[in-house]
Structure formats: structure tokens, C-alpha cells
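Numbers restart at 1 for each chain; the letters A, B, ... are given by sequence-line order, proteins then strands.
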Protein chains: 2
Amino acid sequence: MANQDNFSIHCQNCSFSHLCLPVALNKTEIESLDDIIERKKPLHKHDKLVRPGDAFRSLYAVRSGSLKSFVNNQDGEEQIVGFHFPGDIIGFDALRESQHQSFTQALETAMVCELPYETLDKMAIQFHKLRHQLMSFMSAEIKQHHDMMMLLNKRTAEERLLYFLAHLSKRFEERGFSHRQFNLSMTRNEIGNYLGLTVETISRLLTRFQKEGIIEVEGKLISIMNFAALDNKLQSMTISSHCG
Amino acid sequence: MANQDNFSIHCQNCSFSHLCLPVALNKTEIESLDDIIERKKPLHKHDKLVRPGDAFRSLYAVRSGSLKSFVNNQDGEEQIVGFHFPGDIIGFDALRESQHQSFTQALETAMVCELPYETLDKMAIQFHKLRHQLMSFMSAEIKQHHDMMMLLNKRTAEERLLYFLAHLSKRFEERGFSHRQFNLSMTRNEIGNYLGLTVETISRLLTRFQKEGIIEVEGKLISIMNFAALDNKLQSMTISSHCG
DNA sequence: CGCGCCTTTGAGAGAGTTCAACTAACGTGG
DNA sequence: CCACGTTAGTTGAACTCTCTCAAAGGCGCG
């Protein structure tokens, strides 16, 4: 084994490989990929993985837990640009300038796999599926942002939050977790920041959705009680929610 | 010459190659790239280049004129996700599903260079700089969308429009056009759609900026009269505007 | 067990939308 | 080349969704 076997973790036995770079790779290819990956120590809540200006050397795949990425303006005002869950790849915005462009910070204890980019790029020359997989991830991120523009420009606070919950539910399901009940690893404030709303609005809406019987809220725990009602309220949107 | 020499156009003599794929390629590489490019007939105003669902076979580089890309929801409501000018590459959102995901439509008479993706991908194996350039374009688009989220979530109507004008000005300058005076190829309605505002707001703001002496407006023609005032009003944003 | 920080709820304010009416520019066919 | 219909742009007035400000409660963590 090329690596130090921290935590005895490998792509071959990772339960999220179906969402991650290994998708569509054959056994040999996955082994080669696995060989170049460096497993990092766990990140604790609030630990930063990357900061703007950091030299870009690696992409990161989320192994467990969750993280947020955000950018800052001069005033230090924060804008969250994405939440990351297992199988997601972090760092594509850094390629152009070979410098990371945003902060990425753990929302809870999290583990990531480091993918040294130079090696990955060399391997992508040989393994066509890996190359296409990398492009595919970036493409999905671009498409996701198009949906986001529709959401932020055209949808009400209610629709934004319902979409957010539905999207989370879908992502949990893809990862083998319950889509009916899940814990929010982000605060109400972070949800609002991401959706262009205030904490107060998020709080009020969650209360309202509960009164309407769509969800149940117990602090961070969300249970979706009425998928039909949720889908119904979202029907006119048709924003796909298939990617990271 | 591999192609039909429509309009006798080649990367070697294209005045936007410094912004386009050829950046950083050497003479031989540019010639190879040029060989695979198919020049298309000019698009006329309102002609569509691609539609959602179209099979993805090629990326397109803007050669002249300008275009908009937009997505639709079920109700047919339109959300513009980007404006394209010479040197820009169109179609990265299509890679993941091998289908185009958005409409791209000419805002005025425009010409594009078609880049057959399969061939481009093969060439990218050999020419590392070309591969990196492709990744770099996608990375820039992702970063651009992060800035957009900050703009849409945190900034007032005034700041959004000023940013839009400053960004346009910068893009024209990069392309060798005047950054002081330019024609808007998009309508007020399209600007508003892109920025999450209504036509009326755009119109009122342009009038106000003119009264304040920042710009002069004559229909589609915008002249920036006071860059200092413009920059001053944008100072707290620090949203980079360096990409397509 | 005490101090953050997170969350909830209420009341008031405001930025931008909506609705409406009018004008200007465009292009098409008679 | 003009009449006409259509699309684009401007301006005003009223409205509303969400924000801001304020205060209190609760959960979690050291």
C-alpha cells in the first residue's frame, strides 16, 4: 500500500464511490486512483480546509461529514457558495489562477481525501473516464449555478427554502441516508446566507411549514412529513437538483 | 486547409485569440486546433445556437457579436445565466449529461467557431496546455458564479447595475473596444432578468446614474463619464470581474 | 453552570415590484 | 414611404415581501 493506511480507508470500500471520482472507472483504474490519494486527519467543526490565496495543489473529496465554502468581500461579509457532502469534490474554482478562491470550512467533524492535482492530471491523460469524470463534475457545478440563479432571481423566500430542503433530502438519499429525516449541519443563519435571506425569515418559514404539516422541526432535526405538499409547492420551478 | 475557409478566418489571425482557447498554445498547437474548428455561418439576431436537450457534440467559441444563454422553468419563465462576447466559450454545462442544458441565442448578428468536442478532447490528451486551458475556462465560470451569488444575495439594485456596467466595460476593454463608450446588445429587460431586477428598476437607475453624472445614456449607447464615481460606489464589493 | 451563540417571535420600515399609462423605435406590408 | 402593429423604454403611484431592529428564550460547550 502506497499510503499510510490512516483509518484503513480506500476508494474500493468507500460507500460513496458511486457519487465520487471512481464512478465509471474499472478496478485497475480505481486502484491507481486510490494509490495517489492522501487521507487527511479528520477536520473538526470550524476547521478550515482551504483559504483564498492558498496555493492550489489538490482537489479534495469529502469522505464524511459536511463542509461549507464561502467567499468574502472587503468588508468581511460572507457569502456561502456551497455545502459539501460525502462524494463531493472541492476546489474546482482554484484551477484558473492556481490559487484557492474561497474558504472551505467543516460544519461538523469531517474527513476528506486529498487528490494531488498534478498526479491526477497525469493520470487523467491515460484514463479517459477519469478525465471525463473531472470535466463532468465541473460541468455539473456550472449547471447547478444556473439553477441557483433562477432560484435567487425569481423565487420567493418560501420556494427557496422548500427547494433547499428538497435538494438536501435528495442528496441524503443518494448517499444512502434517510430522505425523510435528517440533521441540518448548518445553522439557520448559514441557510439564509446561502439562499439570500435572513435568519429571521428562515426561522419564520420553518415554523410555518411545520404548522402546515409539511415538515416537523426539532432544532437541527428535520422530518419531512408530506412530500406531496412539498413537491406541489415546488411544481412550477422544475429546477433539477441532481448534483453537488 | 482542412476546412472550407468560410470567411478566411483562422485562430492565427483572430484578434480575440488572446482570450480564447489558443492562449498559451504554441504555433504548431494553434495550427492543429485551427484545423479542427468548423466555422459556422453567421447567426442573425434571435437565432438559437443550441437548445436544452440538443445532443452535445461541440463547444462554441464566440468569434464576433454577442449572445445570451438562458434556462427555462416549466412555466416558460426565462432566466438568463450569461452573456457571451468574442473569445468566450459556450457549452460547458452540457458535458455532464452530453446534452445541452440551456438555450443560447444571438443578441445581434454573431459568428461562432464550432469546436467538435470529441476531437478537442483527443487533442487535449496530447497538448497539455490545451487541456489546462479547457479546465481553466470551466474554473473561471465557477468562480464567476460565486461572485454572482454574492451580487444577487447581498447587493442592492444600484450596486448590481453598476457592477454590470463596470464588468461590461472591462470585457470590452479586454477585447480591444472602448471601455468608455459601448452599445448594449441586450435590452433593459434582459439586463434586469440577469440581475434579478425588473425592467422598470433598470430604467429608473440608468436615468438616475445619468442625473448623477456617472454615465450618459442614449438608447443602447452607454458612455461612462465618471469612472472614479463608479469605482467609488463599488468599492465595498471587491467582486472580481476578470472572466467570461 | 454561566456565557456564547443560535433560534424564535413581534412590530415597523423600506427597497424594489406590480400595475398602469404613455412615448419612442422598429420593421413590415400595403 | 407611410400606416400600423409590435416591441422596447420611461415614469408615476400604490403595494408587499422581506429586512431591520428589538427582545427574550434555549441549547450547547467549556
Side-chain angles (χ1 to χ4, degrees), chain A residues 44-47 68 75 77-80 105-109 151-165 183-212 215-222 233, chain B residues 44-47 66 68 75 77-80 105-109 150-165 183-212 215-222 233:
Chain A
H44 298 108
K45 191 172 179 171
H46 297 152
D47 283 355
K68 66 170 173 177
D75 304 342
E77 212 176 0
E78 172 178 324
Q79 175 60 55
I80 296 175
Q105 188 176 34
L107 293 171
E108 59 190 321
T109 304
L151 194 74
L152 299 179
N153 277 355
K154 298 272 193 299
R155 307 270 72 95
T156 64
E158 180 177 80
E159 290 169 317
R160 291 187 214 183
L161 184 53
L162 286 172
Y163 166 80
F164 180 78
L165 293 173
N183 264 293
L184 299 173
S185 55
M186 65 292 289
T187 65
R188 309 279 196 266
N189 192 38
E190 286 165 335
I191 297 173
N193 182 297
Y194 180 66
L195 296 175
L197 303 166
T198 57
V199 194
E200 294 94 328
T201 301
I202 301 299
S203 178
R204 278 186 252 269
L205 285 173
L206 286 177
T207 305
R208 199 166 94 206
F209 295 159
Q210 183 161 29
K211 279 181 188 151
E212 293 172 357
I215 59 172
E216 274 186 10
V217 185
E218 288 173 68
K220 299 280 193 188
L221 184 69
I222 303 287
K233 290 221 187 197
Chain B
H44 299 109
K45 191 170 179 172
H46 297 151
D47 283 355
S66 56
K68 65 170 173 178
D75 304 343
E77 210 178 3
E78 170 177 327
Q79 174 60 55
I80 296 175
Q105 188 176 36
L107 293 172
E108 60 191 319
T109 303
M150 172 75 92
L151 194 74
L152 300 179
N153 277 354
K154 298 272 194 295
R155 306 270 71 96
T156 63
E158 179 178 78
E159 289 169 319
R160 293 186 212 183
L161 184 53
L162 286 172
Y163 166 80
F164 180 79
L165 294 173
N183 264 293
L184 298 174
S185 54
M186 65 293 288
T187 65
R188 310 279 197 266
N189 192 39
E190 288 166 334
I191 297 172
N193 182 297
Y194 180 66
L195 295 175
L197 302 166
T198 57
V199 197
E200 293 93 329
T201 302
I202 301 298
S203 178
R204 277 186 252 270
L205 285 174
L206 286 177
T207 306
R208 198 165 95 205
F209 294 159
Q210 183 162 31
K211 277 182 189 151
E212 291 173 359
I215 59 173
E216 273 185 11
V217 186
E218 286 173 69
K220 299 279 194 188
L221 184 68
I222 303 286
K233 289 222 187 196

hbond_proxy A/Glu190 side chain to C/dC6 base (donor-acceptor, 3.5 Å cutoff): no
Spacing of A/Thr187 atom OG1 and A/Ile202 atom CD1 [to the nearest 0.5 Å]: 10.0 Å
Between C1' of C/dA25 and CZ of B/Arg188, the distance in whole Å: 12 Å
Of the listed nucleotides D/dT18, D/dT20, C/dG16, the one nearest the side chain of A/Thr198: D/dT20
Atom pair distance, as rounded to whole Å: CG in B/Leu161 and C1' in C/dG16: 14 Å
Touch class at under 4.0 angstrom, heavy-atom based, for A/Leu197 against every strand present: sugar-phosphate
Smallest separation among heavy atoms of A/Ile80 and A/Tyr194, with atom names: O-CD1, 3.6 Å
Atom-to-atom span, CZ of B/Phe209 to P of D/dG9 - whole angstrom: 16 Å
D/dC17 phosphate, OP1 or OP2, under 4.0 Å from A/Thr201 side-chain N/O: no
Sugar-phosphate only, base, or nothing, as touched by A/Ser203 at under 4.0 Å among non-hydrogen atoms: base
Spacing between A/Glu218 atom CD and C/dT8 atom P, to the nearest angstrom: 12 Å
Under 3.5 Å on both distances, the Watson-Crick or G-U partner of D/dT20: C/dA11
Student check: side-chain heavy atoms of A/Glu216 and A/Leu221 closer than 4.5 Å: no
Atom-pair distance (CG on B/Leu206; C1' on D/dT11), nearest Å: 14 Å
Distance-only donor-acceptor test, B/Arg204 side-chain atoms vs D/dG9 base atoms, 3.5 Å: no
Base of C/dG16 paired with side chain of B/Arg160 (donor-acceptor, under 3.5 Å): no
Who pairs with D/dC4 - Watson-Crick or G-U, where each distance is under 3.5 Å: C/dG27
A/Glu77 side, atom CD; B/Asn153 side, atom CG - distance, nearest 0.5 Å: 10.0 Å
Syn/anti state for C/dG10 [syn: chi within 90° of 0]: anti
Side-chain N or O of A/Thr207 closer than 4.0 Å to phosphate OP1/OP2 of C/dT9: yes
Touch class at under 4.0 angstrom, heavy-atom based, for A/Thr187 against every strand present: sugar-phosphate
Touch class at under 4.0 angstrom, heavy-atom based, for A/Lys220 against every strand present: sugar-phosphate
Distance, rounded to the nearest Å, where B/Lys45 contributes NZ and D/dT6 contributes C1': 13 Å
Sugar-phosphate, base or nothing in reach of B/Gly196, heavy atoms under 4.0 Å: sugar-phosphate
B/Leu107 CG to D/dA8 P, straight-line distance once rounded to whole Å: 12 Å
base_contact_polar (C/dC19 base, B/Glu200 side chain, donor-acceptor, <3.5 Å): yes
Heavy-atom side-chain contact between A/Tyr163 and A/Glu158 under 4.5 Å: no
Whole angstrom value for the distance that separates P of C/dT9 from CZ of A/Arg208: 13 Å
Distance (rounded to the nearest 0.5 Å) between B/Asn183 CG and B/Glu218 CD: 10.0 Å
Polar side-chain contact A/Arg155-D/dT18 base: donor and acceptor under 3.5 Å: no
